[in-house]
Amino acid sequence: MQRALSVSRMTGNRSTFPDWYQAIVREADMAEVSPVRGSMIIKPWGYGVWERIQQVMDRRIKEMGVDNAYFPLFIPLSFFAKEAEHVEGFAKEMAVVTHHRLKSIDGKLQPDPEAKLEEPLIVRPTSETIIGDAFSRWVKSYRDLPLKINQWANVVRWEMRTRLFLRTSEFLWQEGHTAHASGEEALASTLEALEMYRAFSESVLAMPVIAGEKPENERFPGAANTFSIEAMMQDGKALQAGTSHYLGTSFAHAQNIRYQSDSGEMEFCHTSSWGVSTRLIGGVIMTHGDDDGLRLPPAIAPRQIVVVPMLRGKEEDAAVLAFAKALVKDLNAQFALGEPIRALLDDRDQKSADKRWNWVRRGAPVIIELGPRDAAGGQVSYMRRDVLRDGDKVKSHQAPRDEFVANAPALLAQIQQALYDEAKARLEANIRTDLTAFDQVAEYFGQVSDEDEETAAFKGWVRAPWSRPTGEALEAVVERLKALKLTLRNAPTDQPATFGPCVFTGQPGVEEILIGRAY
RNA sequence: CGGAGUGUGGCUCAGUCUGGUAGAGCACCGCGUUCGGGACGCGGGGGUCGCAGGUUCAAAUCCUGCCACUCCGACCA
């Protein structure tokens, strides 16, 4: 028996994990590289996952009292110049539009020198500036606050190195932007978004994360505080899966977002911004994929239950098809995880064995195979994608048809939970909290390079107290970590009451910080 | 942009050292036999061998330049 995935995942094996990831993206029909450097084509199955993310998250964003709007793709260059840190942070990766017309010169189509823009336009890398500009006109009085806007959009950041879903030059995301009268309120809004992301990631993506505050060196350009959710991939690396920023009044100052308070004073707003992107899909792949392909949590699977009829070009086919159609209809009338079930009858003219494995690779949570025996006996045979095999053997379950339909919501909920539990157990088992000195951290992570790559042990993260140094002291810490390919991930929101000495300096610790390799 | 590697049908690769009619497996199309665990037989379609020059009677193969991709580093959601 040959598996479609020629590349085998070996957890913790750094040399094959990237190959395994790419194999899944391809075999699961998620996306492909496009002719455009650094940009991908998101295929229907991959885009279907993104649509699921949009649908579920959009509802939660609106529950936060945030409305959707849309702002321009092009941002005047001068807008970026207003916030020094911000422009410095993004300057190196901006796509710039300089002309508005092409002309054939010497037989070559090129930008018409006569059609140069007076002011270059930036293809948005993020929209703080253009939205801030609108906010400055929209906000007059304290009665206009808080102002909470979200947009679903594409953004462009000219990246050196790209990886499908994880980092592409153009990517899809949502960006929330809020303006408030007080810093406390803006910070609360920042943390509310962070909590929304944490809950979404865990309950919808079945991807456990650790929410916390980014250290100073990892802050969003121009932000006062940056918070993130960090997920652990199956190679032990951390993936920053979402960020939320408290921007203080720096953008309000830069863009003159002011309001008149109830006492008549002109005050600067406090703003926040927060976002998640198509990177989440990369996280889902690296969290739930296995050697047979992708495994999708039912909440984001474009199709949760796929029925593959076993057709043989004989007269019994009619009964099987009729049985399958009625089954899909009844399943779609059911609700699971708070939404109508998404079941599909795959009646494509292909060998049923091929179709079955096609859905296995794509990660459909439940795959039903219906043959004449099932149709005659009024039963269904199905596979759970989360526990596909028993040893090397594919595990098939049987149930009476009506019972299966009635239990489908529970089954999907169970699969959702099982995927989460599995990932949660891996996360918890791989955060070391017993390393109290930098030497121990260095030894723990440093061992990887000394070992044979094929047998290198899985390394997760270290959680240890530190003294939260700033400025040059922080830079020194970052440099020491960099030598080990390590980064500071975040200081988890959930902190103990007392702390041991700082793992880097031995000084009194003030909080615990997560350390790990990262994407 | 630095280091390493790779570019040959849709996918995975052999062939390159030693120049001599472009190959295999999978996928695809047709026919037949099969189908409840990634079937088999026979027949077929599909590649200007990453691009551009050069050497040669002859280039996937040798030389020069360029490009793309992958991995590592710098940058980052």
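Convention: sequence-line order gives letters A, B, ...; per-chain numbering from 1. Only a predicted model underlies this, so the values are computations on that prediction, with no experimental measurement involved.
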Can you figure out which of B:C75, B:A77, B:A39 approaches the side chain of A:Ala353 most closely? B:A39

Nearest to the side chain of A:Asp292 - B:G38, B:G37, B:A77? B:G38

How far, in whole Å, is B:G15 from B:A24 if one measures between their C1' atoms? 11 Å

Determine the Euclidean distance between corresponding P atoms of B:G7 and B:U16; express it in Å to zero decimal places. 12 Å

Which nucleotide, if any, forms a Watson-Crick or G-U wobble pair with B:C71, using both distances under 3.5 Å? B:G3

Given the C1' atoms of B:A77 and B:G25, what is the spacing between them in whole Å? 40 Å

Distance between the P atoms of B:C62 and B:C26, in whole angstroms? 30 Å

So which nucleotide does B:C57 pair with, by the Watson-Crick or G-U wobble rule with both distances under 3.5 Å? B:G20

Spacing of the C1' atoms in B:C29 and B:G45 (rounded, Å): 7 Å

Does B:C76 have a Watson-Crick or wobble mate here (both distances under 3.5 Å), and if so which one? none

Residue matched to B:C40 through Watson-Crick or wobble contacts both under 3.5 angstrom: B:G32

A:Arg167 CZ - B:C75 P separation (whole Å): 11 Å

Measure from NZ or CZ of A:Arg60 to the centre of the six-membered ring of A:Phe200 and say whether it is under 6.0 Å with the direction within 45° of the ring axis. no

Would you mind reading off the distance between A:Leu484 atom CG and B:C72 atom P, rounded to a whole angstrom? 17 Å

Could you give the distance separating B:C1 and B:C75 at their C1' atoms, to the nearest angstrom? 11 Å

Both distances under 3.5 Å, Watson-Crick or G-U wobble: report the partner of B:G45, or none. none

Rounding to an integer number of angstrom, what distance separates B:A60 and B:G19 when you compare their P atoms? 13 Å

Nearest-nucleotide 5' precedence on RNA chain B, A:Gln350 against A:Arg356: A:Gln350

Watson-Crick or G-U wobble partner for B:C26, using a 3.5 Å limit on both distances? B:G10

In whole angstroms, the gap separating C1' of B:G38 from CE of A:Met310 amounts to 12 Å

Between A:Arg362 and A:Leu296, what is the shortest heavy-atom contact and its length? O-CD1, 3.7 Å

The side chain of A:Trp357 is closest to which nucleotide in this list: B:G37, B:G38, B:C76? B:G38

Please state the C1' separation for the pair B:U34 and B:A59 - nearest whole angstrom. 47 Å

